[in-house]
Amino acid sequence: MIVNRQFRLKRRPHGRVERADFDFLESPVPEPAEGQAVARNLYLSLDPTNRIWMTDMEQYMPPVALGEVMRGGGIGRIVASRHPGYKEGDLVSGLLGWQDYCLIGAPGELLPPAVIPDGLPIPLPTLMGACGMTGLTAYFGLTVIGEPKPGETVVVSAAAGAVGSVVGQVAKILGARVVGIAGGRQKCELLVKEFGFDAAVDYKAPDFLAQLAAATPKGVDVNFENVGGTIMEAVVARMNLYSRMPLCGMISTYNEDTAPRYDLRPFLMKRIRLQGFIITDFKDRFIEGSMQLAQWHMEGRLKSRETVVEGLDRAPEALNMLFDGTNIGKLVVRI
Ligand SMILES: NC(=O)c1ccc[n+]([C@@H]2O[C@H](COP(=O)([O-])OP(=O)(O)OC[C@H]3O[C@@H](n4cnc5c(N)ncnc54)[C@H](OP(=O)(O)O)[C@@H]3O)[C@@H](O)[C@H]2O)c1
């Protein structure tokens, strides 16, 4: 019998995720009924939003229910199909879950996985990162909401991560001056030397505020916000009149049980345009965005880094890497 291993959410975590928050169960691989297909999952995308989905709070999708397979993005290959939209051998991308096999078309499915072109000269982890959902998040959040103009200063937090590293590179392509905020000297060096940022600021250094001021002598025109908390407040304090702030994420808050409170007065005084967004807001433009990112990547203008963890069974501990900062670029699990 071929076995399907699944992480099912057992209890809601408080703080960091623990393995004991899940049951790791084995069951037979499902047989597709009429209108269903089965994908063999190849890569799992680990995202800060996995942690949000574990929490019972108001959010953009229902939280994962207790006992349900942990929700997660992934790439897989169709191994059996009785569904008109999928054929055996298709490569698919979508919410395949923390499991070896995904039954597509099952009751309660939130979004059907999309068939993606096979044989592209782009590795699968990159198709989940710089040329996938995280790349699209960076691209649309920056271009549509941030609207950087040549010569303006763009600041991005969690800059050495999946979204942040693409934000900085796209902002450079668009002619902006780019400053990344990341934890530690090594990551800051990477931002400048590998990703071509103009400057990098280490938020863990005791002189973080002085570094930020030195790196943004003309203030900040676009703050692409990934972190929230005191880092966000430090950047907001340097934002210019009529500047823009795409609010992409607030990772510093996801392990907290209580919501932070912020002073909104600078947004009024400086007429800062703050807009939160979720990548699915741009789903009608995914093909256009993917083509642009793939083109830049193939031209060598958009570099991609991935941190690949081996083995589905390591998913819960690997998720914490996003909160420890031990990932560089896109974090994926090879199943
Ligand atoms: N709105 C959307 O549709 C959407 C889509 C994708 C992602 N996002 C958001 O985008 C942000 C980045 O996601 P990602 O997938 O690209 O993850 P990522 O940046 O690859 O990984 C997270 C990084 O955040 C930093 N970090 C973690 N805890 C922190 C803290 N307390 N203070 C400061 N930095 C911290 C770490 O880097 P350091 O080593 O530098 O600390 C870590 O490497 C997240 O907030 C996520 O929720 C939003």
Side-chain angles (χ1 to χ4, degrees), residues 15-17 44-55 59-61 72-73 95 111 125 128-130 132-142 144-146 155-170 179-191 195 197 200-205 208 212 223-235 245-256 260 274-283 285-286 289 304-309 318-333:
R16 289 164 64 84
V17 167
L44 182 64
S45 168
L46 288 184
D47 299 281
T49 200
N50 291 131
R51 182 65 186 80
I52 297 178
W53 292 337
M54 293 174 199
T55 303
Q59 50 189 284
Y60 61 96
M61 273 186 179
L95 295 173
L111 287 171
M128 310 179 82
M133 274 305 157
T134 44
L136 290 168
T137 304
Y139 178 72
F140 287 117
L142 179 70
V144 178
I145 302 173
V155 171
V156 56
S157 48
V163 173
S165 58
V166 178
V167 168
Q169 294 180 84
V170 172
V179 178
I181 301 178
R185 278 213 4 231
Q186 217 184 333
K187 281 194 178 181
C188 287
E189 272 180 32
L190 181 88
L191 291 178
F195 292 121
F197 286 43
V201 174
D202 176 5
Y203 74 84
K204 291 182 177 167
F208 163 56
L212 181 64
N223 173 31
F224 192 103
E225 186 55 54
N226 282 325
V227 168
T230 53
I231 296 173
M232 178 179 85
E233 289 172 319
V235 180
M245 180 163 146
L247 179 55
C248 176
M250 307 183 91
I251 192 169
S252 71
T253 68
Y254 299 167
N255 278 336
E256 306 296 327
L274 161 65
Q275 188 179 333
F277 72 97
I278 297 294
I279 184 52
T280 44
D281 298 343
F282 300 101
K283 61 180 184 311
R285 295 181 60 190
F286 278 178
S304 168
R305 277 284 289 261
E306 294 96 24
T307 301
V308 182
V309 174
L319 186 71
N320 282 322
M321 293 172 72
L322 296 168
F323 297 90
D324 299 337
T326 42
N327 68 306
I328 291 182
K330 178 70 199 152
L331 180 63
V332 300
V333 169

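When a ligand or atom number is given, it counts from 1 through the structure's own listing order. Along the sequence shown, the residues carry numbers beginning at 1.
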- Message: Has K330 got a side-chain atom pairing as donor or acceptor with G132's backbone, closer than 3.5 angstrom?
- Response: no

- Message: So does M128 get a backbone contact from the side chain of T134, meaning a donor-acceptor N/O pair under 3.5 Å?
- Response: yes

Can you give me the closest heavy-atom contact between [X] and [Y], atom names plus distance?
| X | Y | value |
| --- | --- | --- |
| L212 | A234 | CD2-O, 3.7 Å |
| A200 | L191 | CB-CD1, 3.9 Å |
| F208 | Y203 | CD1-CA, 3.5 Å |
| G289 | L136 | C-CD2, 3.5 Å |

Shortest protein contact, [atom] (heavy atom only):
| atom | result |
| --- | --- |
| atom 19 (O) of ligand 1 | G161 CA, 3.2 Å |
| atom 16 (O) of ligand 1 | V163 N, 2.8 Å |
| atom 26 (N) of ligand 1 | I251 CG2, 3.8 Å |
| atom 31 (N) of ligand 1 | S252 CB, 3.4 Å |
| atom 32 (N) of ligand 1 | V227 CG1, 3.6 Å |
| atom 13 (O) of ligand 1 | P48 CG, 3.5 Å |
| atom 23 (C) of ligand 1 | L322 O, 3.6 Å |
| atom 4 (C) of ligand 1 | T137 CG2, 3.6 Å |

- Task: Would you check if there is a donor-acceptor pair between the side chains of D47 and S45 at a distance under 3.5 Å?
- Result: yes

- Query: Is there a donor in the side chain of T49 and an acceptor in the side chain of Y60, or the other way round, less than 3.5 Å apart?
  - Reply: yes

Can you find an N or O of [X] that's nearer than 3.5 Å to an N or O of ligand 1?
| X | result |
| --- | --- |
| G183 | yes |
| N327 | yes |
| A182 | no |
| C248 | yes |
| N226 | yes |

- Note on the structure: A student comparing K187, M321, K204, K330 should find that the heavy atom closest to atom 38 (P) of ligand 1 comes from K187

- Query: If hydrogens are left out, which of F282, Y203, Y254, F277 has an atom nearest to atom 33 (C) of ligand 1, that is, the closest non-hydrogen atom?
  - Reply: Y203

- Counting heavy atoms under 4.0 Å, the part of I231 that contacts ligand 1 is side chain

Report yes or no: does a heavy atom of [X] sit under 4.0 Å from some atom of ligand 1?
| X | value |
| --- | --- |
| I278 | yes |
| G329 | yes |
| A160 | no |

Drop me the distance from [X]'s [atom1] to [Y]'s [atom2], to the nearest 0.5 angstrom.
| X | Y | atom1 | atom2 | answer |
| --- | --- | --- | --- | --- |
| T280 | M61 | OG1 | CE | 6.5 Å |
| I181 | I231 | CD1 | CD1 | 6.5 Å |
| L247 | I145 | CG | CD1 | 9.0 Å |

- Pull out every atom of ligand 1 sitting under 4.0 Å from any heavy atom of I279, numbered as shown with elements. 2 (C), 3 (O)

- Message: Please determine whether the number of non-hydrogen atoms from other residues, nucleotides or ligands lying under 6.0 Å from atom CD of Q186 exceeds 12.
- Response: no

